[in-house]
Number of protein chains: 2
Amino acid sequence: MEQVTRVKMADVARTAGVSVATVSKVVNGRYGVSQETLARVQQVIDDLGYEASLGARSLRSHRTNVLGILVAEFEPFSTELLKGAGSVVASTGYELLAYSGGGGGEVGWERRYLSRLSGTLIDGAVIVTPTVLDTYPGVPVIAIDPHAGPSGLPTVDSDNLAGGVMATEHLISLGHRRIAHLGGRTDLDSARLREQGFRQAMAAAGLPVDESLVLPGGYRRLTSAAPAHDLLDRPDRPTAVFAANDLSALAVLDAARDLGLRVPHDVSVVGFDNVPESALSEPPLTTVAQPLREMGATALRMLADLVSGREVPMHLRLATELHVRSTTAPPPPF
Amino acid sequence: MEQVTRVKMADVARTAGVSVATVSKVVNGRYGVSQETLARVQQVIDDLGYEASLGARSLRSHRTNVLGILVAEFEPFSTELLKGAGSVVASTGYELLAYSGGGGGEVGWERRYLSRLSGTLIDGAVIVTPTVLDTYPGVPVIAIDPHAGPSGLPTVDSDNLAGGVMATEHLISLGHRRIAHLGGRTDLDSARLREQGFRQAMAAAGLPVDESLVLPGGYRRLTSAAPAHDLLDRPDRPTAVFAANDLSALAVLDAARDLGLRVPHDVSVVGFDNVPESALSEPPLTTVAQPLREMGATALRMLADLVSGREVPMHLRLATELHVRSTTAPPPPF
DNA sequence: ATGAAAGCGCTAACAT
DNA sequence: ATGTTAGCGCTTTCAT
């Protein structure tokens, strides 16, 4: 029989002729219920389609069997992580709740979301690119790719330094000597490490870094447009640009097109991240891939361990990997 | 001051020297609080970093300002919808909670999830590809791409029939005559419509359908592997395969590679959905695009309307569109 | 303007 | 084996 209002435990209890406590025991598989009663109550539960309210249950029991993944926004980066987390959650026995304000991640969003959900709705959380890296009292938390470097929180990220080296070495091996770096957000750890990788590879090859060819791009397509243009619109322009992420690499592609430069014939471009958009550009972007799915999966497994009181590593760093597509080639001859 | 336990309303009340009732009024912007008290309480809230527990709040108020999107699994299809929903949620003033068991969607998962969350945690839900299409008592619900055809639930989907026709006509226009169809899940409406489109286009071109070339693939890469292999590993293999979705098309690509067949030289492949992965395959997949982001965005807007008591259309069908990439070409000569 | 008290749906002692 | 009772953290009358 369908009712117009949600079926609650009291409804089940009344229908089965028992107390709510007994129903609760049945639902939670506690001892102290006769076979006969159990069968009857179970039958009523099925008939009525009863399912315990997560809110009410967790308010009382402080255990929900649900893990959270908190993101500022559902965009390509975070949803890749989500796919990774989703692919392993079943094997942990938990269910997965992804939460986003939809806004655009005001500073401290992670703390608000966590307070909202923790203690009542989720047993622990994976936080994606938190801006503030406090430890959170009483809630198991794993950070993915935090903006500031590792602190008290168990963290999963990828090897930004090695990635920066890889991108730069790739260009050097093609014969480039005059290489520019369109940087990311200078306040972010990942951007600093990618630049450091760039400098390290240049130094190792005995190549000078022209400081006028190292410009901040801000990780976004819009903020990268002007510096990308400046980089390419000069008589002594570089033969290659290593951009700190794919979005800014795309901006370099835009700038090249505007200036009538062909990629990779006139100038080579390497990005970072390997978001799907990077494969869809024209030409498809050579980029350093972060293993986003694997990072999501790893973080979720760590969280499950943490919630179960098992030991987890403080910092897990996954390898990055160069994906050579079509924006890199040897430099033009003089 | 950081505490070791979650700060709750009682903590705020004690610190500010008022009752929890007053704090509640401040938090919810109710009238009946003096300017002075309001300022003091607000200050304490900020100092302590207090945020109301979603569970406790909604248990009492039955209004949460959170919309849910319920999916069987976080895979490319559902996460695209999620991106679409996420992109508009801010403009509706709601926050967004995505929920998944992680399992593989036992029958009736949507009812379980909905019971769990509705009434207490979310004000309404978008359900992605529900298997059972009941109306749900007392909860505003929008269905995306339901497995059974439209029923009592407001629904958003795309034109699967036209898409199936489009994919097949594309292959026919390239000169293919012997075309296979790797189907989806036979219990799903979308799969049936795509196959129907296939048959319709074949019939319109006066081409026979070899029934041994129509195999179910189950919409997943794993379940499609065997039938994809069977389709290609026969002396009279088809010159083209129309796969019911991108994941199974990717499985066809895998099978072709295993068998040493080149795509599209030896066999052409068309997918359906246009998930990001389809552009990343090698070679990039020709596919029928569903406007997934738009579907997600539309469904979320409809849900917001429904929750606000506004009228919503019963059935919104969005157009599909062929994206020709690199897995289709004329058939090999004999 | 403020606070006391009841209760949302559930679980966990503690009776019986 | 079953029921009674007391909350979980919050909102909401209803007093004051």
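Predicted model, so just to flag it, every value in this text is computed and none were measured. Per chain, numbering begins at 1; letters A, B, ... match sequence-line order.
Here OG of A:Ser100 is found 8.0 Å from CG of B:Leu82. Values are rounded to the nearest 0.5 Å.
Between A:Thr37 and A:Val18, the shortest heavy-atom contact is CG2-CG1, 3.9 Å.
The nearest heavy atom of DNA chain C to B:His62 and to B:Ser19 marks one nucleotide each, and the one closer to the 5' end goes with B:Ser19. With DNA chain C read from its 5' end, the first of the two nearest nucleotides for B:Gly17 and B:Ala56 is the one closest to B:Gly17.
A salt bridge between B:Glu80 and B:Arg293 is present, with a side-chain N of the basic residue lying under 4.0 Å from a carboxylate O of the acidic one. No salt bridge links A:Glu73 with B:Lys83; every basic N to acidic carboxylate O contact stays at or beyond 4.0 Å. Salt bridge status for A:Asp11 with A:Lys8: absent, with no side-chain N to carboxylate O gap under 4.0 Å. The existence of a salt bridge linking A:Glu95 and B:Arg116 is confirmed by a sub-4.0 Å separation between a basic side-chain nitrogen and an acidic carboxylate oxygen.
Contacts of B:Ser34 with the nucleic acid, taken as non-hydrogen atoms under 4.0 Å apart, involve only primed sugar atoms and P, OP1 or OP2. Using a 4.0 Å heavy-atom distance criterion, B:Thr37 is classed as a sugar-phosphate-only contact. Looking at heavy-atom distances under 4.0 Å, B:Ala52 makes contact with sugar-phosphate atoms alone, never a base. Counting any heavy atom pair closer than 4.0 Å across all strands shown, A:Val27 reaches no nucleic acid atom.
The phosphate of D:dT12 has neither OP1 nor OP2 within less than 4.0 Å of any side-chain N or O from B:Tyr31. In this structure, A:Arg6 reaches the C:dC10 phosphate: one of its side-chain N or O atoms is under 4.0 Å from OP1 or OP2. Phosphate contact (OP1/OP2 of C:dC8, side-chain N/O of A:Ser53, threshold under 4.0 Å): absent. A:Ser61 has no side-chain polar atom (N or O) that falls below the 4.0 Å cut-off from OP1 or OP2 of C:dA12. For the pair B:Thr22 and C:dG3, the criterion of a side-chain N or O lying under 4.0 Å from OP1 or OP2 is met.
The separation between B:Leu59 atom CG and C:dC10 atom C1' is 8 Å, rounded to whole Å. Atoms NZ (B:Lys8) and C1' (D:dG7) sit 12 Å apart, rounded to a whole Å. B:Lys25 has its NZ atom 12 Å from the P atom of D:dT11, to the nearest Å.
If you check distances only, the side chain of A:Arg60 does reach the base of D:dG7 with a donor-acceptor pair under 3.5 Å.
At distances below 3.5 Å, not a single donor-acceptor pair connects side-chain atoms of A:Thr92 with backbone N or O atoms of A:Ala90.
Annotation: the terminal axes of the helix from C:dA1-D:dT16 to C:dT16-D:dA1 meet at 40°, where each axis is the rotation carrying the C1' atoms of four end pairs onto the next four (5 pairs per end, rounded to 10°).
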